[in-house]
Amino acid sequence: MKIAVFPGSFDPITLGHVDIVQRALPLFDQIIIAVGSNATKKYMFEKEQRINWIAETFKKEEKVVVDSYQGLTIEYCERKNAQFILRGLRNPSDFEFEKAIAQTNRKLKKDLETIFLLTASGLSSISSSIVRDVMRNNGDYTQFVPSAVRI
Ligand code: ADP
């Protein structure tokens with residue numbers, strides 16, 4: 001069974017995240033969307049809220065599981081018997097950042113492969129941080145997020 005963990009903050013989930021998951025579905029038997037909790041990060045939305053939005057978005061997709069975790073992503077993958085980490089790439093700065101993380105993870109656990117999917121054109125400018133800004137300022141955020149996400 002090919003299991004991938006898609007780790008992230010999902011604060012909130014956006015159409016960019018949804019696109020990465022949908023395109024990864026044919027590649028894996030199961031995708032665990034794992035909401036990470038980083039003690040040093042401040043989130044706009046509670047973990048339960050972020051999880052609920054993801055679960056609602058993928059409720060009809062049997063291959064998708066939603067979970068949360070703390071600590072190292074590689075240890076979480078080990079617990080879940082996942083052989084792959086799934087990440088999305090939008091631009092050169094994502095690439096540099098992701099490269100360093102993936103290479104470090106691979107040193108820590110050499111049989112864990114990180115699989116990158118390029119963002120779909122048109123979705124590369126969507127980020128959770130910009131969506132949060134639009135939300136805070138009462139702009140129309142609905143075009144950037146799945147319909148489950150409403151505040
Ligand atoms: P993190 O805090 O781990 O960066 P995010 O929720 O911001 O968590 O992102 C999780 C993953 O989704 C990352 O691999 C990120 O590059 C990817 N991602 C975010 N937005 C998009 C997008 N618009 N298109 C493709 N991938 C994206």
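The figures that follow rest on heavy atoms only: side chains count, while hydrogens, waters and symmetry mates do not. When a ligand or atom number is given, it counts from 1 through the structure's own listing order. Residue indices begin at 1 and follow the sequence shown.
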Would you mind finding which of Arg23, Arg90, Lys41 brings a heavy atom closest to atom 27 (C) of ligand 1?
-> Arg90
The atoms of ligand 1 lying under 4.0 Å from a heavy atom of Glu98, numbered in the order shown, are 14 (O)
The closest protein heavy-atom partner of atom 4 (O) of ligand 1 is Arg87 NH2, 3.6 Å
With heavy atoms of Phe6 as the reference, note each atom of ligand 1 found under 4.0 Å away.
-> 11 (C), 12 (O)
Side-chain contact, heavy-atom cut-off 4.5 Å: Gln30 with Lys80?
-> no
Who's the nearest protein heavy-atom neighbour of atom 9 (O) of ligand 1, and how far?
-> His17 NE2, 3.5 Å
Pick whichever of Ser129, Ala34, Ser9 has a heavy atom sitting closest to atom 2 (O) of ligand 1.
-> Ser9
For Ile20, take its heavy atoms, then give the atoms of ligand 1 lying under 4.0 Å from any of them.
-> 25 (C), 26 (N)
Does at least one non-hydrogen atom of Pro7 fall below 4.0 angstrom from an atom of ligand 1?
-> yes
Pick one: which of Val131, Ile51, Ile54 meets side chain to side chain contact (heavy atoms under 4.5 Å, CB included) with Ile13?
-> Ile54
Looking only at atom types and distance, does a side-chain atom of Lys63 sit under 3.5 Å from a main-chain N or O of Leu25, one as donor and one as acceptor?
-> yes
Among Phe58, Phe10, Phe45, whose ring-ring contact (aromatic ring centres under 6.0 Å, His included) with Trp53 holds?
-> Phe45
Report, in ascending order of atom number, the atoms of ligand 1 lying under 4.0 Å from any heavy atom of Phe10.
-> 6 (O)
Do Gly8 and ligand 1 have an N or O pair less than 3.5 Å apart?
-> no
Within 45° of the axis and under 6.0 Å from the centre of the six-membered ring of Phe6, does NZ or CZ of Arg87 qualify?
-> no
Candidate with minimal heavy-atom separation from atom 16 (O) of ligand 1, of Gly88, Gly36, Ala120 | Gly88
Using a heavy-atom cut-off of under 4.0 Å, does the side chain or the backbone of Leu123 touch ligand 1, or both, or neither?
-> backbone
